[in-house]
Number of protein chains: 2
Amino acid sequence: MSTSRDDPRLGLVEALGAVAFAVMGALTKLAAERDLSLTQLRMVGLLRDRQLTISELALALGLDRSSVSGLVDRTEKRGLVRREPNPADARSVHVTLSTSGHEAFAAGASEMAAMLSSLTDALSPAEAARLTTLLERMLDHRGL
Amino acid sequence: MSTSRDDPRLGLVEALGAVAFAVMGALTKLAAERDLSLTQLRMVGLLRDRQLTISELALALGLDRSSVSGLVDRTEKRGLVRREPNPADARSVHVTLSTSGHEAFAAGASEMAAMLSSLTDALSPAEAARLTTLLERMLDHRGL
DNA sequence: TATTGTTATACTCTATAACTATA
DNA sequence: TATAGTTATAGAGTATAACAATA
């Protein structure tokens with residue numbers, strides 16, 4: 001990619017970076033308020049409507065299985081998730097959200113929206129819709 | 001914030017979150033390829049055109065001074081930054097980018113643009129410009 | 001043999017608390 | 001007294017390597 005100053009995409013990269021840090025900062029703060037790491041928060045989000053094995057979680061989170069094993073240990077100790085046997089394969093476990101994990105997710109989701117509203121409130125509904133479309137186009141263009 | 005499904009801002013929050021994770025993932029991968037942490041990468045970026053004290057870095061990075069002290073230790077050991085005396089205050093130090101730190105930043109910046117181009121290439125120049133404007137409006141609306 | 005998960009180990013990141021030197 | 005930075009300590013997060021159980 002060129003570094004020419006009048007390439008509109010250069011400003012985009014910078015703006016994307018700045019927004020990403022702002023969003024991650026808000027999410028990290030939100031997680032910290034509940035004494036959770038960002039990774040734990042992501043895991044809870046992934047498990048909100050399904051159960052996943054350690055390997056599946058590792059793939060989704062981009063982590064090694066051993067890292068996820070410890071992550072589940074700590075999150076299980078906090079009562080947010082549970083390990084359950086996988087009837088189809090005795091080697092594997094299903095990680096599921098506990099009741100208090102579901103509650104934590106529900107509370108966190110609305111707080112997340114509230115936190116990010118300090119960003120999104122800058123836009124009118126029409127602009128927000130246009131921005132959403134553009135962001136989703138970018139996301140669809142590749143994997144995640 | 002409402003959870004009504006037809007509120008365009010709800011999709012925005014989700015899209016912002018997804019984009020933030022995508023961008024952070026790309027940046028983390030980029031940093032890892034150079035054996036740097038994301039925090040080290042951020043610090044190098046902050047120092048590219050100025051020198052900052054430990055306290056200033058801590059403020060900019062949202063970290064405790066003691067965390068930054070160790071961070072500078074490790075990055076200094078890698079030869080990317082240097083501690084220099086602050087003539088105006090003997091308690092304080094100026095952290096500056098070394099020559100190889102500047103090289104690392106230059107290489108990283110173009111790689112970052114290339115990596116994010118998998119996202120930004122989905123848009124035409126006009127759309128990219130519009131997106132940039134919207135993102136910058138959001139950023140200006142608050143602090144960072 | 002290959003896969004799933006765990007454990008042991010090591011390093012980075014981070015915060016809190018206590019400290020030194022300087023202001 | 002207050003501030004800048006460091007150190008000691010502790011816990012989370014992560015990866016690699018070696019392992020046990022199961023497929």
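Predicted model only: the values in this text are computed from it and were never measured.
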Self-check item: Close residues, residues 63-75 of chain A, relative to DNA chain C [heavy-atom separation under 4.0 Å]
Solution: A:R65, A:S66, A:S69
Quiz item: Taking CG from B:N86 and C1' from D:dT6, how many angstroms apart are they, rounded to a whole number?
Solution: 17 Å
Self-check item: OG1-CD distance between A:T120 and A:E127, expressed to the nearest 0.5 angstrom
Solution: 12.0 Å
Exercise. Can you measure from CD (A:Q51) to CD (A:E84) and round to the nearest 0.5 angstrom?
Key: 6.5 Å
Quiz item: To the nearest 0.5 Å, how far apart are CG in A:L57 and CG in A:L71?
Solution: 8.0 Å
Quiz item: So how far is it from A:T75 OG1 to A:R83 CZ, rounded to the nearest 0.5 Å?
Solution: 9.0 Å
Quiz item: Can you check whether B:S92 has a side-chain N or O nearer than 4.0 Å to OP1 or OP2 of D:dG5?
Solution: yes
Quiz prompt | Rounded interatomic separation in angstrom, taking CG from B:D89 and P from D:dA2 | solution = 17 Å
Exercise. Give the angle between the helix axes at the two ends of the helix from C:dT1-D:dA23 to C:dA23-D:dT1, taking five base pairs at each end and rounding to 10°.
Key: 10°
Quiz item: How many angstroms lie between atom CE of B:M24 and atom CG of B:L38, to the nearest 0.5 angstrom?
Solution: 4.5 Å
Quiz item: Can you tell me if the side-chain N/O atoms of B:S55 get under 4.0 Å from OP1 or OP2 in D:dT3?
Solution: no
Practice problem: Could you work out which one of C:dT12, C:dA2, D:dA4 sits closest to the side chain of B:R91? | Solution: D:dA4
Exercise. Working to the nearest 0.5 Å, report the span between CG of B:L135 and CG of B:D140.
Key: 11.0 Å
